[in-house]
Amino acid sequence: MKKLFIGSIVIVSIFATSAQAQMTGSRLGKNAGAEDADKIVEIVVECVAGRRGPFADRVMRALPGSAAESKLLVSNEGDFSICMDDDKQFVTPGSAELRFTPRAFRIALARTLARKELRKIQPADLKNANPWSLASYDVVDTESTGDAMQLGLYQFGDCVVNAQPIDAANLVLAKSGTSEANKATKKLMSALGPCLTEGVELKLTQDLLASAFAEPVYHRARALDMQERK
């Protein structure tokens, strides 16, 4: 039996710091603690997406949860450093250390990039793009199955995007908890259940829904934009 629960919005801190606090520049204007994790994520990811575009694109072409993805993130410190060392963005002084998981970084990056791609197309056209699938990625390790939980979430999300592209896009674009996000969530309710795999139970928040939609939206929107440029 399929069961779907829409829970209250939960903000999850996806960055952990090894120091008691992190210094920040103008974006926060104060030493940052664990309570600022979501804002720090937003600052760093927006910087990577805006100033390290080729690197961000390579991340999104890597299979989620694969060894290739992990290697890409670990071996490209230079692509992150400009976003952490610029005193107008984020500064990590002394022994302060910023840690994150590939899944957490990717989810945040996908939403930022999806918003960027949605400015280039009409959201209704997402339905006309090739569906999200494993073919969306450069699979360099044929033995890697990736992050099954993450891939399953994207499969569910792509199904919803295909059914209601405009409302799914609106949720990705909106900030969770706003009237725009609440309106989009309400409109999407009828499409959520049919897209669940039989026997799966999910307790969904607006953030989790947006995470499920963002990467499929990114890949569909980018494909449409590339087609229009040809």
Side-chain angles (χ1 to χ4, degrees), residues 1-7 10 12 14-15 41 45 48-49 55-76 100-118 123 126-165 167-169 171-172 176 185 188 191-224 226:
M1 179 180 294
K2 298 178 182 179
K3 292 186 180 180
L4 180 67
F5 306 92
I6 302 296
V10 178
V12 181
I14 61 176
F15 271 87
V41 172
V45 168
V48 170
F55 169 66
D57 290 341
R58 291 200 303 276
V59 172
M60 298 306 294
R61 290 199 307 270
L63 179 67
S66 66
E69 178 196 54
S70 179
K71 182 179 179 180
L72 177 64
L73 293 176
V74 170
S75 64
N76 284 272
F100 57 89
T101 66
R103 181 192 289 179
F105 175 77
R106 189 187 187 106
I107 286 173
L109 180 64
R111 190 166 187 181
T112 297
L113 292 176
R115 287 168 169 168
K116 184 178 178 180
E117 293 297 329
L118 283 170
L126 290 170
K127 191 176 181 68
N128 301 324
N130 290 332
W132 171 92
S133 70
L134 291 180
S136 303
Y137 307 111
D138 298 331
V139 181
V140 296
D141 181 358
T142 56
E143 296 182 359
S144 178
T145 57
D147 186 329
M149 182 181 297
Q150 197 170 356
L151 293 171
L153 187 65
Y154 294 159
Q155 184 177 21
F156 160 75
D158 189 68
C159 175
V160 179
V161 170
N162 192 65
Q164 293 183 225
D167 298 316
L171 184 57
V172 171
S176 295
T185 301
L188 286 163
L192 301 183
C195 286
L196 284 174
T197 302
E198 194 70 32
V200 171
E201 297 184 13
L202 283 179
K203 186 172 183 179
L204 297 171
T205 67
Q206 283 183 348
D207 282 327
L208 185 60
L209 281 176
S211 297
F213 302 157
E215 185 146 336
V217 164
Y218 165 79
H219 286 291
R220 283 181 178 243
R222 186 165 178 78
L224 286 172
M226 296 299 289

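In what follows, every heavy atom counts, from backbone to side chain, and hydrogens, waters and symmetry copies are set aside.
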Peer 1: With Glu117, which residues qualify under side-chain hydrogen bond (donor to acceptor under 3.5 Å, both in side chains), at least two apart?
Peer 2: Lys120, Arg222
Peer 1: Residues two or more places apart in sequence or in another chain: which of them pass side-chain contact (heavy atoms from CB on, under 4.5 Å) with Arg61?
Peer 2: Asp57, Arg58, Asp138
Peer 1: Work out which heavy atom in Ala110 is nearest to a heavy atom in Met60; give both atom names and the distance.
Peer 2: CB-CE, 3.6 Å
Peer 1: For side-chain contact (heavy atoms from CB on, under 4.5 Å), just list the numbers for Tyr218 and Lys116, CA-CA rounded to whole Å, side-chain angles, deciding distance to a tenth of an Å, and then say yes or no.
Peer 2: CA-CA 9 Å; Tyr218 165 79; Lys116 184 178 178 180; over 6 Å; no
Peer 1: Looking at side-chain heavy atoms only, is the closest gap between Tyr154 and Asp158 below 4.5 Å?
Peer 2: no
Peer 1: Search all heavy atoms of Ala49 against all heavy atoms of Ala56 and return the closest pair with its distance.
Peer 2: CA-CB, 4.4 Å
Peer 1: Might you point out which heavy atoms bring Pro64 and Glu215 nearest each other, and give the distance in Å?
Peer 2: CG-OE2, 3.9 Å
Peer 1: Using modelled atom types and a 3.5 Å cut-off, is there a donor and acceptor pairing between side-chain atoms of Arg106 and backbone atoms of Val59?
Peer 2: yes
Peer 1: Taking all atoms of both residues into account, what is the closest heavy-atom pair of Ile107 and Ser211, and its distance?
Peer 2: CG2-OG, 3.2 Å
Peer 1: State whether the side chain of Gln155 and the backbone N or O of Leu151 hold a donor-acceptor pair below 3.5 Å, judged by distance alone.
Peer 2: no
Peer 1: If you define the side chain from C-beta out and look only at heavy atoms, does anything of Pro165 sit under 4.5 Å from Arg220?
Peer 2: no
Peer 1: What I'd like to find out is whether the side chain of Val172 reaches to under 4.5 Å of the side chain of Arg115, using heavy atoms alone.
Peer 2: yes
Peer 1: According to side-chain hydrogen bond (donor to acceptor under 3.5 Å, both in side chains), who are the partners of Arg111, at least two apart in sequence or on a separate chain?
Peer 2: none
Peer 1: Identify the heavy atoms of Phe213 and Leu192 that sit nearest to each other, and give their distance.
Peer 2: CZ-CD2, 4.4 Å
Peer 1: Any side-chain heavy atom of Val161 sitting closer than 4.5 Å to one from Trp132?
Peer 2: no
Peer 1: Partners of Ala169 by side-chain contact (heavy atoms from CB on, under 4.5 Å), sequence neighbours excluded?
Peer 2: Leu118, Pro123, Leu126
Peer 1: Determine, stepwise, if the pair Leu153 / Leu208 fulfils side-chain contact (heavy atoms from CB on, under 4.5 Å).
Peer 2: CA-CA 9 Å; Leu153 187 65; Leu208 185 60; 3.8 Å; yes
Peer 1: Mind checking whether Phe55 and Leu72 have side chains closer than 4.5 Å, heavy atoms only?
Peer 2: yes
Peer 1: In Å and rounded to the nearest 0.5 Å, what is the OG to NE2 distance from Ser133 to His219?
Peer 2: 9.5 Å
Peer 1: Go through the structure and list residues passing side-chain hydrogen bond (donor to acceptor under 3.5 Å, both in side chains) with Gln164, not counting sequence neighbours.
Peer 2: Asp167, Ser190
